[in-house]
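Below is one structure, written out as structure tokens; comments come after it.
When a ligand or atom number is given, it counts from 1 through the structure's own listing order. For the single chain, residues carry numbers from 1 onward in sequence order. The shown structure was predicted, so the numbers you read here are calculated from the model rather than taken from an experiment. Basis for what follows: all heavy atoms, side chains included, without hydrogens, waters or symmetry-related copies.
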Amino acid sequence: MWLSNSSIGRKVVMSVTGIALILFLTFHLSMNLVAIFSESAYNMICEFLGANWYAVVGTICLAALAVIHIIYAFWLTIQNRAARGSDRYAVTARPEGVEWASKNMLVLGIIIALGLILHLFNFWYNMMFQELVGNDTTLAANGAYWIKETFHNPVYVILYVIWLVALWFHLTHGFWSAIQTFGWNNKIWMKRWEVISKVYTTILIAGFLAVIFAFVACR
Ligand code: HEM
């Protein structure tokens, strides 16, 4: 099939899944920002999502998107390296205009995946998973409690900041690169999309950092 047989098809899959994951992050941040203003409103949202069938279907779709994105990332990287052969080591200077992030997308992606495992352990495991397996659910919908519990620990604060910085680099390049793949770029719009992807990503990451530091400060 075109989406898996050709290099451009594989880039389209990376781009579509990447943009879908950015949309999830936008939704996730909107939900988390509520916690800064009202813990009880945030807990109501967590309870509404809980382990209901629609939340579980959402989680499965999200996991599928992430798995496809990661598999295709490795696939494209291996293919690119094979195409370049030993030339990969011939030039050490960065070509002009090629950002640092674009050359390190796989490494950044691996840091993000490791951070995500930690994050799911901190939150999803204590919340949705406990409800799914029928354990004591008194704290399962108390998202605000888990945010306080996590960011009370300075080690987690540092790890989350590193994770979010890696995410900033990954998304600024990924967003722009996806637009290129879709062909929505001409001379004027190429620069504009670069600015839009930087501004949008900065808003997302600043929002997540605001949630973390609002709760660090409240202890
Ligand atoms: C301040 C930062 C963040 C906070 C406070 C936060 C909070 C949470 C909470 C409370 C949950 C559990 C929801 C539930 O199971 O009902 C959750 C799940 C999740 N978070 Fe975050 N999150 C943050 C940042 C992020 C970031 C940056 C990412 C992605 C890179 C992310 C990805 C996820 C995913 C994939 C889930 C599982 C979603 C699901 O079960 O459908 N989170 N987060």
Sub-4.0 Å heavy-atom contact, [X] with ligand 1:
| X | value |
| --- | --- |
| Phe24 | yes |
| Leu120 | yes |
| Trp146 | no |

Does [X] reach the main-chain N or O of [Y] with its side chain, forming a donor-acceptor pair under 3.5 Å?
| X | Y | result |
| --- | --- | --- |
| Trp146 | Phe123 | no |
| Asn142 | Tyr145 | yes |
| Asn186 | Trp189 | yes |
| Asn43 | Ala144 | yes |
| Trp176 | Met190 | yes |

Starting from [atom], find the nearest protein heavy-atom neighbour and note its residue, name and distance.
| atom | value |
| --- | --- |
| atom 15 (O) of ligand 1 | Met128 CB, 3.6 Å |
| atom 38 (C) of ligand 1 | Leu62 CD2, 4.0 Å |
| atom 11 (C) of ligand 1 | Phe123 CB, 3.6 Å |
| atom 30 (C) of ligand 1 | Trp163 CZ2, 3.4 Å |
| atom 1 (C) of ligand 1 | Phe208 O, 3.3 Å |
| atom 3 (C) of ligand 1 | Asn32 ND2, 3.5 Å |
| atom 29 (C) of ligand 1 | Leu25 CD2, 3.3 Å |

Just to be sure I'm reading this right: ignoring hydrogens, which of Thr59, Leu204, Leu164 gets closest to atom 41 (O) of ligand 1? Compare them by their nearest heavy atoms. Thr59

Option whose closest heavy atom lies nearest to atom 23 (C) of ligand 1, chosen from Met127, Glu131, His170, His119: His119

Just verifying a value: how many Å separate [X] [atom1] and [Y] [atom2], rounded to the nearest 0.5 Å?
| X | Y | atom1 | atom2 | value |
| --- | --- | --- | --- | --- |
| Thr17 | Ile71 | OG1 | CD1 | 10.5 Å |
| Leu76 | Tyr72 | CG | OH | 9.0 Å |
| Thr201 | Leu167 | OG1 | CG | 8.0 Å |

Going by the atom numbers of ligand 1, which of them fall below 4.0 Å from some non-hydrogen atom of [X]?
| X | value |
| --- | --- |
| Leu167 | 27 (C), 30 (C) |
| Trp124 | 15 (O), 40 (O) |
| Ile212 | 1 (C) |

Phe48 ring center near Tyr54 ring center (under 6.0 Å): yes

Between [X] and ligand 1, is there a nitrogen or oxygen pair with a distance under 3.5 Å?
| X | answer |
| --- | --- |
| Tyr42 | no |
| His28 | yes |
| Tyr160 | no |

What residue among Tyr160, Tyr156, Trp124 forms side chain to side chain donor-acceptor pair (under 3.5 Å) with His119? Tyr160

Between Leu116 and ligand 1, find which residue part has any heavy-atom pair under 4.0 Å and reply side chain, backbone, both or neither. side chain

With heavy-atom distances below 4.5 Å as the criterion, would you say the side chains of Tyr42 and Asn32 are in contact? yes

Decide yes or no on side-chain contact (heavy atoms from CB on, under 4.5 Å) for Phe215 and Thr150, but give the supporting numbers first. CA-CA 9 Å; Phe215 281 87; Thr150 306; over 6 Å; no

